[in-house]
Structures are given as structure tokens and as C-alpha cells.
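Notes for the one structure printed next.
Side chains are part of it too, since the values below use all heavy atoms of this structure and drop only hydrogens, waters and symmetry mates.
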2 protein chains.
Amino acid sequence: MPTVSAAQGRTTSSGAAQKRRAGRPSAAVLDKAGITAAALELVRRKGYEGLTMAALARLLDVAPSALYNHVASKQDVLLLVEDHLMSLVDVSGFGGGTWEDAVRTWAWSYRDVFAEHTPLIPVIAVLPVTDAPQTLAMYETVSKGFSDAGFPQERIVPAIVALESFIFGSAYDVTAPEDIFDSGSMAASTPHFTAAVRSSAEGQDVPAGQERGRPADTAFRLGLEALIAGFGTTRA
Amino acid sequence: MPTVSAAQGRTTSSGAAQKRRAGRPSAAVLDKAGITAAALELVRRKGYEGLTMAALARLLDVAPSALYNHVASKQDVLLLVEDHLMSLVDVSGFGGGTWEDAVRTWAWSYRDVFAEHTPLIPVIAVLPVTDAPQTLAMYETVSKGFSDAGFPQERIVPAIVALESFIFGSAYDVTAPEDIFDSGSMAASTPHFTAAVRSSAEGQDVPAGQERGRPADTAFRLGLEALIAGFGTTRA
DNA sequence: CAACTAAATGAACGTCATTCATTTAGTGAC
DNA sequence: GTCACTAAATGAATGACGTTCATTTAGTTG
């Protein structure tokens, strides 16, 4: 019998609204905020393979089944984590400066966040925003930014969705092995592709420092700038 | 004891090259082509949740462990399926006509194929092309198309990667629920976003028939045309 | 104190992918 | 024909894992 000590970085968000009819024990060991924090900690330490209900329970000093009093399923835990990550996406650019720069800041940070959490991409891409307050907050800010920039109302959502799709796909790229395009023994039968791969690997001249110089970064920059330019003509 | 009868749509690709030193039994019940075909059949009938090693073995009238004589893991089976799907992507446009139209044909069919196989996206995005002949063949055709269209050699791969990223992300969109952007009770606190969502839902005037008229299609078209336009300026 | 309830427990389940020692059955060499 | 060799199939076992459920624990209200 483990003594209840733990108390992981729990945020104790037991704000106000909560009046049930009968007994409301205050010594709850678990809550959603605590589960979210523990899940994030677990992912940081062991990656997503390490994120199991058993490991989560162990970190919280609790039996695995206890989690199900606060969360309906493991999918539910993923949603908590995912929504939290959305608050890490930088939308500050939409407060001032040009629309182009705001989109750049937003898109790069969005990609960077999910490049480190690719297992969440299949989850988020299908997630109704209703269940995700932080996600909704991000959309509001971005929508306002697009609107202020003169985007026609009916194009705002499609444009954001297109950008997001590009961002999610690009997040996977970041995690791809460096030699992903090594054609190996088939090189002889794919001359154009092999030449293109070699040539793209050579042109690795990074502006300054060696930041954003990985192949995935080059492709992301190219696509992002194309999208920004392409959208630029459809607004105003 | 099940009598060995089965013989599912196996392609018996035991071509030529294969000279080992000793006994080479010909009555092999299993081979990679057969496993691939069975896996595809299973996915078609039951989806990816239904694709288990046990189900695969049952369909092939074999014990589950027998599969491991031909395949190293379930991941390996997914790779076989994925590479097969690549042959369904339409690259015929690169044979003639404009570069723009070729890219359109390719991108739409690419997205459509993987919209029905989203569980493969995390697999393919990280898959070295070495192990995937069909994938490599597609890259060769597309690379040549870009090269012929006047693309600078070192930009070909990044451009293809950017397009693919957009395509993969967009494939997820297709499977998203229709009400994914329903802000629900939070609508009041997200006025710009809510208005944009409503407005995009109204502008659902589809050119002819009701083809390609889903929200996911609108976003995909918008992004794809922006990418094509954006890339158009960097070549030539 | 008694009624009520949220929450934690621990023992089950069922499903999976995967491993391994063993058996089966073709094939080429002598 | 038979012997050695080997690819391939078997069936039992293993170890995660997510999830369920009857039961217990402990705090709050009236």
C-alpha cells in the first residue's frame, strides 16, 4: 500500500463551479489537470511509447483503474495533452506587424510543436474543436488576423485548414531519417530522382548560423512561402 | 487441422532470380505478394482495426506465426500495403500536357488514395524509399516531370516534399467529421472564428455536379492552387 | 450518527504482436 | 532410393496493453 504522497505538478484547477447534491470529498488524488501534467511529463521522459495507462498511474501513485474515474479512455488523455500543446503555439504575431510575418511565426512554431508530438497528429486532425478550449482560442486569434488582413470571410477557414494540413504533413518530415531518399541499389533505374536528391543535398547553404537548415526546413520554407504568396493574391 | 486449400488471390511472383544452395520446396503456401493481397482485402472489408496478424493468418488459412517466415513484423505488412497503394497514384499527367495539370492530377489522386488509408500516413512519411519500389517509381516520374518543366535541379526534391506534406495533411481532413468546427457553447467567446466558419459553410456553391464540393475539397483546392502558383514563379 | 457519493482498489478479461522449440515436406547430391 | 539440408508451417506460450467491475475507502451533508 503506497502512501499517498506524490502530488506531481498538479495545477489544482478546482476553481469555483462545482455544487453537487451530496458529499464532495476534497482529498481527491486525481484530476484532469494532474493527469495532463503527468502525461506530458511521461511523454517528455519516455516518448509516446512510454505513455501507457499503467505508467501514468504509476507516476501518479495510483491504480490504473482509478484513472477511469476522470477520463473515459486513453484517447481522452491524448486529447488533454493535445489541447495543452496548442497553448504553446505562437500566435503573438497576429497582434501587430504584417499578416505575412504573423503567419510565418505561427506556422513555424505550430510545426515545431507537433514535430515533437507526431503521434498526436492523427488525433488532432479529426478532433472537434468543441472539446478543446485552447485549440479554439488559437483559431479565434488566427481568424481575426486573417480577417483584419483583408481576407474574404468565406476563404478564411479553408485557408487556415490548408495551412494546417501543410503544417501537419511537414511535422512528420522533421522526424524522417536523413537518408530517407537514398535509392540504394535502385539508383540506376531512377536517374532523374537520384540526381535531384543529390543536388538538393548539396545546396545546403544556410543563411546564418545553421538554423533551419535541415532538408525538412528547406521544404517547409519553400512550401510556406508559396502558400503565403498564393494566398496574398486572393485577399485584398 | 485445416486442409490446405485456400489459394487467395495470390500472384505467385516467384519469377526467376532465386538460386539457393540446397532444397527449395515449391509448395510454399505463403509469399509476400499473397500477404499483401490478403492484407488489402482485409483492409477493404474491415478497415485497419480489422488488420491483425491473426485475421491475416486466418484469411490465408495459416497459423499466425507462419507469417513471420516472410515478414519481420506487422509494420512490414503495412509497408507492403503502402507500397502497393503508390501504384494507384495517377502520374500519367506527366507524360504530356502542362506541368500545372500534371501536378493537379497527381496531387488529387494521391490525396484520394491516402484519404482512404490514413493509418498508413505515419508509416509512409518516415519510410525510406529504398524499401519501396513503387514509391521510388512514382518519385522518378514526378522528378522527371518537374525537371522537364524547367524546375531548378536543387528545388525539385523540396518542392515535391512540400507538396506531399500538404497532401498527407489534407488526406486527414477528408476523414474529419463535418461538424469539426462547431464551437458549441464557446461560440460567444470566439466571434471571428464562428463567423468565418458559418460563412465558409454557406459558400458551398459547387461548379457542376456536386463533385469535390466538401469542405475538405475546397481547402485542398485552395492550398494546391496556391502552391502551384507559388512554385510557378520559382521555376522558368 | 446515518445516508450518500466520489473516488481508489485489485483482480479479472480479452486482444494483440511476437517468440520458439518442434514438425513437415520438398530438393539436390550421391 | 536415401540422406542431408533447408524453407516453411505449427501450436503453445509470453508479455504488454486498455478496459471493466464488484467492492472498499473516506469525506461531506443533513
Checklist entry - Do B:Asp112 and B:Arg212 sit within salt-bridge range, that is, some charged N less than 4.0 Å from a carboxylate O? => result yes
Next on the checklist: Tell me the interatomic distance from B:Arg58, atom CZ, to D:dT10, atom P, rounded to whole angstroms.
Outcome noted: 14 Å
Item to check | Atom-to-atom span, NZ of B:Lys74 to C1' of C:dT19 - whole angstrom | outcome: 18 Å
Next on the checklist: Can you identify which nucleotide, out of D:dT10, C:dA17, D:dG18, has its nearest atom closest to the B:Tyr68 side chain?
Outcome noted: C:dA17
Item to check | B:Leu60 CG to D:dA8 P, straight-line distance once rounded to whole Å | outcome: 14 Å
Checklist entry - So which nucleotide from D:dT19, C:dG10, C:dA7 ends up closest to the side chain of A:Asn69? => result C:dA7
Checklist entry - Within less than 4.0 Å of OP1 or OP2 of D:dA9, is there a side-chain N or O belonging to B:His70? => result yes
Checklist entry - Is B:Glu140 salt-bridged to B:Lys144, cutoff N-O under 4.0 Å? => result no
Checklist entry - What is the distance from CD of A:Gln75 to P of D:dT19, rounded to the nearest Å? => result 9 Å
Checklist outcome for this item: Picking from D:dA9, C:dA17, D:dA12, the nucleotide nearest the side-chain atoms of B:Ser65 would be D:dA12
Next on the checklist: In this structure, how many angstroms lie between the C1' atom of C:dG26 and the CG atom of B:Asp31, rounded?
Outcome noted: 17 Å
Next on the checklist: Using whole Å, what does the distance between atom C1' of nucleotide D:dA8 and atom CG of B:Asp61 come to?
Outcome noted: 16 Å
Next on the checklist: Please verify the inter-ring angle class for B:Phe94 with B:Phe146; under 30° counts as parallel, over 60° as perpendicular, anything in between as tilted.
Outcome noted: tilted
Next on the checklist: What is the separation between atom CE on B:Met53 and atom C1' on C:dT15, rounded to the nearest whole Å?
Outcome noted: 15 Å
Item to check | Per B:Thr52 side chain, nearest of listed nucleotides D:dG18, C:dC16, C:dC20 | outcome: C:dC16
Next on the checklist: Can you measure B:Leu67 atom CG to C:dT19 atom P for me and round it to whole angstrom units?
Outcome noted: 13 Å
Quick one: side chains of residues 169-176 of chain B, donor-acceptor pairs under 3.5 Å with protein atoms, not counting sequence neighbours, listed by atom name and distance.
residue: B:Ser170; atom: OG; partner: B:Phe166; partner atom: O; Å: 2.7
residue: B:Tyr172; atom: OH; partner: A:Tyr172; partner atom: OH; Å: 3.1
residue: B:Asp173; atom: OD2; partner: A:Ser165; partner atom: OG; Å: 2.7
residue: B:Thr175; atom: OG1; partner: B:Tyr172; partner atom: O; Å: 2.8

